[in-house]
Amino acid sequence: MKEPLQTPFFRIREKDLLYDISLLRDSLAENWGNALMGYSVKTNSLPWLLKYLREQGFYAEVVSAAEYDLARRLGYPANRIIYNGPIKDKTIFQAALLAGSYINLDSGYELEWMEYLSTLHPDVRFGVGLRVNCDLAKLCPGEVLASEEGGRFGYCYENGVLEAAIRRLRALPNVTVTGLHLHSSTQSRTVQVFGALARMAVQIAREYDLSLSYVDMGGGYFGGRDDMPDYRDYFREICRELSAHFSPRKTALIAEPGVSLISRATTFETTVLDVKDIRGRKFVVTDGSRTNLNPLVTRHVYPHHMEYISDAAVRKREASQWVCGATCMEYDRLFEIRDDAALIPGDKIIYDTAGGYTMCLNPLFINYFPAVYVEHQDGSLFTARSPWTNKEFLQLCYTE
Ligand SMILES: *Cc1c(COP(=O)(O)O)cnc(C)c1O
């Protein structure tokens with residue numbers, strides 16, 4: 001018999017990952033054709049995953065110098081990297097631009113860099129994209145936005161900052177605005193929001209007479225849940241709106257999903273170690289923590305299922321059991337189970353849709369990074385990351 005794997009660990013099922021990759025690829029092909037799949041590296045930068053997605057034809061969407069370097073090390077050629085975000089590195093920016101990366105400008109200083117590079121390389125033709133910041137609350141009343149005050153990324157359309165950026169770039173003889181970047185995260189992730197963003201791309205291209213080689217719709221989609229819209233719904237709507245002005249013959253559609261691509265495929269698997277009775281309350285102690293799943297402690301819902309070590313139907317029922325994590329912090333409580341079979345040591349609690357903003361956003365707090373196993377389609381397991389130990393933690397640390 002095979003040894004059971006030591007919990008806690010993440011498991012990525014290749015079969016489910018391929019399902020969502022195909023869904024994305026087919027949705028883009030059917031609705032637009034001329035499209036490009038990016039993957040948001042920050043969502044989960046596990047090296048195994050980055051290499052796998054590269055082999056599936058993805059571009060790396062990066063938002064820092066470290067991510068750019070990571071993508072290069074994992075074999076992404078510069079012209080298959082999309083460099084985004086408000087914090088860019090001047091050296092990387094310059095190298096990436098000259099090597100043909102897609103770059104979406106986001107900040108004021110990047111316009112200065114373009115002015116500088118335009119004079120430094122008068123014989124090179126540069127194309128760049130601009131990240132658009134528009135008033136989503138006004139465009140989509142009733143949507144739950146990521147922040148009540150509105151987004152902070154990109155150049156503001158309403159107050160003329162975007163127009164001023166376009167003017168500044170137009171003044172440079174060898175620089176063209178070739179793309180618009182519309183990534184805007186909302187909590188509601190509705191299809192309507194993406195329709196409104198696509199309409200915004202049409203409006204801006206018309207208003208400023210832009211001839212675009214790409215429209216980048218960003219990420220922020222639902223995925224991996226049967227009760228929510230998926231890529232088919234989003235890209236049908238996006239492409240319907242885009243086709244009012246753009247044509248796939250001239251303008252490529254870029255998608256850069258993160259969480260929607262890897263959610264279905266990933267679980268986080270934990271074991272019940274103990275059950276405590278404290279003044280009538282039941283606390284279930286497990287070896288996986290809230291910090292593994294939700295380091296930002298913003299979530300209250302943890303989709304999960306149980307694998308009981310013995311028949312749960314014959315167990316006594318408990319009115320309330322609180323599932324708690326492996327740190328010594330009181331807030332490390334995940335969810336309450338009401339009126340259900342009593343958990344006992346050895347039971348497994350398996351968290352579903354655990355792939356995004358977890359594995360690599362995990363703090364090195366009390367315990368280090370857990371293992372990641374990939375379950376291939378034939379059922380075999382591959383160790384994509386061994387659990388971190390003090391060997392890794394002590395790297396680059398010095399004592400006197
Ligand atoms: C985070 C991010 C994404 C991915 O967002 P998801 O919600 O994980 O799909 C895509 N593009 C940019 C610019 C991002 O910052």
Side-chain angles (χ1 to χ4, degrees), residues 17 20-21 23-24 27-28 35-46 49-50 53 58-68 70-71 80-88 93 96 101-107 110 128-134 136 143-147 151-155 179-191 193-194 197-198 200-201 214-225 228-231 233-235 238 253-266 293-296 298-299 353-361:
L17 184 58
D20 282 315
I21 291 172
L23 204 59
L24 175 65
S27 304
L28 291 170
L36 196 157
M37 300 187 296
Y39 167 69
S40 156
V41 169
K42 75 163 188 284
T43 305
N44 185 333
S45 54
L46 183 76
L49 183 64
L50 295 184
L53 292 176
F58 278 79
Y59 287 46
E61 186 273 324
V62 305
V63 291
S64 72
E67 284 187 354
Y68 190 92
L70 182 66
R80 289 188 159 243
I81 297 179
I82 306 162
Y83 191 15
N84 287 332
I87 311 292
K88 293 196 180 73
F93 182 96
S101 301
Y102 288 77
I103 300 193
N104 292 312
L105 311 184
D106 191 303
S107 296
E110 292 171 77
V128 290
L130 293 174
R131 171 100 174 241
V132 175
N133 186 312
C134 57
L136 265 185
E143 294 291 337
V144 187
L145 305 182
S147 143
R152 67 183 172 95
F153 299 110
Y155 303 98
L180 289 178
H181 182 211
L182 292 116
H183 176 74
S184 305
S185 28
T186 61
Q187 278 185 43
S188 39
R189 295 180 183 261
T190 62
V191 170
V193 167
F194 286 90
L197 289 170
M200 201 68 215
Y214 70 90
V215 174
D216 182 342
M217 294 303 300
Y221 315 96
F222 271 120
R225 287 178 57 171
M228 292 294 175
D230 64 37
Y231 297 135
D233 308 301
Y234 291 113
F235 291 107
I238 286 170
L253 169 61
I254 301 181
E256 18 174 80
V259 68
S260 55
L261 197 68
I262 52 177
S263 274
R264 186 193 316 268
T266 313
L293 285 163
N294 179 222
L296 307 177
T298 46
R299 256 166 76 182
T353 61
Y357 305 99
T358 49
M359 268 180 218
C360 303
L361 187 55

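Bear in mind that the values here come from a model prediction, so they are computed numbers and not experimental data. Just so you know, ligand 1 is whichever comes first in the structure, and atom 1 is the first atom listed for that ligand.
Close to ligand 1: G220, with a non-hydrogen atom less than 4.0 angstrom away. Ligand 1 has Y357 within reach: a non-hydrogen atom of the residue lies less than 4.0 Å from it.
Heavy-atom proximity to G258, at under 4.0 Å, picks out these atoms of ligand 1: 4 (C), 6 (P), 8 (O), 9 (O). Atoms of ligand 1 found under 4.0 Å from any heavy atom of H181, numbered from 1 in the order shown, are 13 (C). Within ligand 1, counting atoms from 1 as listed, the ones closer than 4.0 Å to a heavy atom of N84 are 13 (C).
The N/O atoms of V259, backbone and side chain alike, include one that comes under 3.5 Å of an N/O atom in ligand 1. Of the N or O atoms in S260, none lie within a sub-3.5 Å distance of an N or O in ligand 1.
Contacts of R189 with ligand 1, taken as heavy-atom pairs under 4.0 Å, involve the side chain alone. Residue E256 touches ligand 1 through backbone and side chain together, judged by heavy-atom distances below 4.0 Å.
At a cut-off of 3.5 Å, with distance as the only test, no side-chain donor of S45 or E67 sits close to an acceptor on the other residue. In summary, the side chains of Y234 and S260 do not present any donor paired with an acceptor at a separation below 3.5 Å, with no hydrogens or angles considered. Inspection of the H183 and E61 side chains reveals no N or O donor paired with an N or O acceptor under 3.5 Å.
Shortest contact from atom 15 (O) of ligand 1 to any protein heavy atom: K42 NZ, 2.6 Å.
Atom CZ of R152 sits in a sparse spot, with 12 or fewer heavy atoms from other residues, nucleotides or ligands closer than 6.0 Å.
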key: Derivation of the side-chain contact (heavy atoms from CB on, under 4.5 Å) call for I254 and Y59   = CA-CA 10 Å; I254 301 181; Y59 287 46; over 6 Å; no
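In terms of modelled atom types and a separation under 3.5 Å, the side chain of Y155 and the main chain of R131 share no donor-acceptor contact.
The side-chain contact (heavy atoms from CB on, under 4.5 Å) test with Y102 singles out one residue from I81, L36, V128, and that residue is L36.
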